[in-house]
Amino acid sequence: MITVVKFGGSSVANSAQFKKVKHVIDSDPARKFIVTSACGKESHEDHKITDLLYLCEAHVRFGVSYDSIFALIKDKYYRIKNDLGLEIDLDHEFDLIEKHLEKGVNMDYLVSRGEYLTGRCLAEYLDAEFLDAAEVIAFRYDGTIDTERTQTLLAEKTVRDRRVVIPGFYGAMPNGVIKVMTRGGSDITGSVIANCVDADVYENWTDVSGFMVADPRIIKNPLRIPHITYNELRQMSYMGANVLHDDAVFPVRMKNIAINIRNTNDPDNPGTMIMNDCSELDAKYPPHAVTGITGRKDYTCITLIKSHSSAEVGFLRKLLTIFEEYHVSIESVPVTVDTFSVIVQTKLIEQCLYEIVGRIRKEIRPDELKIEEHIALIAIVGRGMKQVPGMSGRLLSEFGHNKINIKIINQSSDELSIVVGVENRDFEKAIRCIYDKFITEERKSL
Ligand code: ASP
């Protein structure tokens, strides 16, 4: 059994968190590949090491002294070293970084040092091998990860029967120059490694016990989602629920490796298991019809009505081309007879709304055109909805009882999700009412 484990920044924020990580690692010999983020925030007022490194880079670029920021970074690692009695030569490590800074900084190199130093400390503390990501995570010049080469390098560089710690978030180009991923990229490193070593499971340790059915800021103590499919997760994260970097899903999904989201501060909690297919588990533990409820505020809906346009070939294409020309990505296009709506995130259209509307009036000549702002979209996601007739009906009547006006309703053809549009001000109320109806009430009737 091989488990790849990734610890996020909050799991390695200080020496107390390092001790929790050790407990997790020591309690399961299958946890052989350990990927770490850079130290995250210890408290609300604290700063992530990666943020401080980006700030340092900006200071260097503008020729302003970075000493006070660099001192904060040093302080964090010296405290970890001293608290845990480590031998790592931090003076030497920081000298090297400062030499680079004096020469003019390479941003990717600088910001990768957070993961590098955290990985060095963690490897020593866990008595594991340290494997520099620059030696194993291979980028192509186009910025994509070369999985085959990464697999070969990993096989060459790992020592049998020794645990390895690999810093997340960065790798190297074919010429050896360090390259970082997008923010939160350590999730991707873990996933790529899980793919390359054919892991049985990819554990992603963070500070929450997996995915919750709804946002805890809206629903007090929501239920945890024990199992979720990759497809459901995609819908949930697209609409706002984010625990995992979007790009971390593909490398494991293609090999059918499950991701287990776990909480370093509550290691006995089984967290959420993300899998291609939950049917075996579902047979044992039948899921709720609704797996999760998520959503976002601030959409704009542009609706046009034009008699007989439904019969006009190419009408929709003409309309959508205008949005394309302004590079506005479209969320949804609900269509009924002679009425077409285009829903987009308000922030994407703010700068060009009136130009787009002008073009629509000129080129499409609608009989009527309406713009509605302050719309929230809520996605009700669930693989269990397929078997349940009348889901949309129950939803509509529940909203009716609670005087929530539905502006848009759209069910995906695979019946995996229903998306409703309501006014921003009804967003929280609508989520509460869906949760009460489809989760709380269902549990009471069990
Ligand atoms: N340390 C990086 C960040 O803060 C990468 C990561 O944590 O995954 O974005």
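Sequence positions, counted from 1, serve as the residue numbers for this chain. Atoms within a ligand are numbered from 1 in the order they appear, just like the ligands themselves.
For G184, a nitrogen or oxygen atom sits less than 3.5 Å from a nitrogen or oxygen atom of ligand 1, counting backbone and side chain alike.
In the vicinity of R183, heavy-atom distances shorter than 4.0 Å reach the ligand 1 atoms 3 (C), 4 (O), 9 (O).
For the residue pair T3 and E203, no side-chain donor N or O sits within less than 3.5 Å of a side-chain acceptor on the partner. N276 and N256 form a side-chain donor-acceptor contact under 3.5 Å, judged by distance and modelled atom types alone.
Residues that satisfy the ring pair (Phe, Tyr, Trp, His ring centres under 6.0 Å) test with Y77, not counting sequence neighbours, are absent from this structure.
For K48 and E42, the salt-bridge test fails: no basic side-chain N is under 4.0 Å from an acidic carboxylate O.
Within the structure, ligand 1 has G185 among the residues with a heavy atom less than 4.0 angstrom away.
Here the two rings, on Y109 and H100, have centers that are under 6.0 Å apart. In this structure, the ring of Y116 has its center less than 6.0 angstrom from the ring center of F130.
Looking from atom 6 (C) of ligand 1 to the surrounding protein, the closest heavy atom is S186 OG, 3.3 Å. Distance from atom 7 (O) of ligand 1 to its nearest protein heavy atom, with residue and atom name: S37 OG, 3.0 Å.
Only the side chain of E115 comes within 4.0 Å of ligand 1, judged by heavy-atom distances. In K48, the part holding a heavy atom less than 4.0 Å from any atom of ligand 1 is the side chain.
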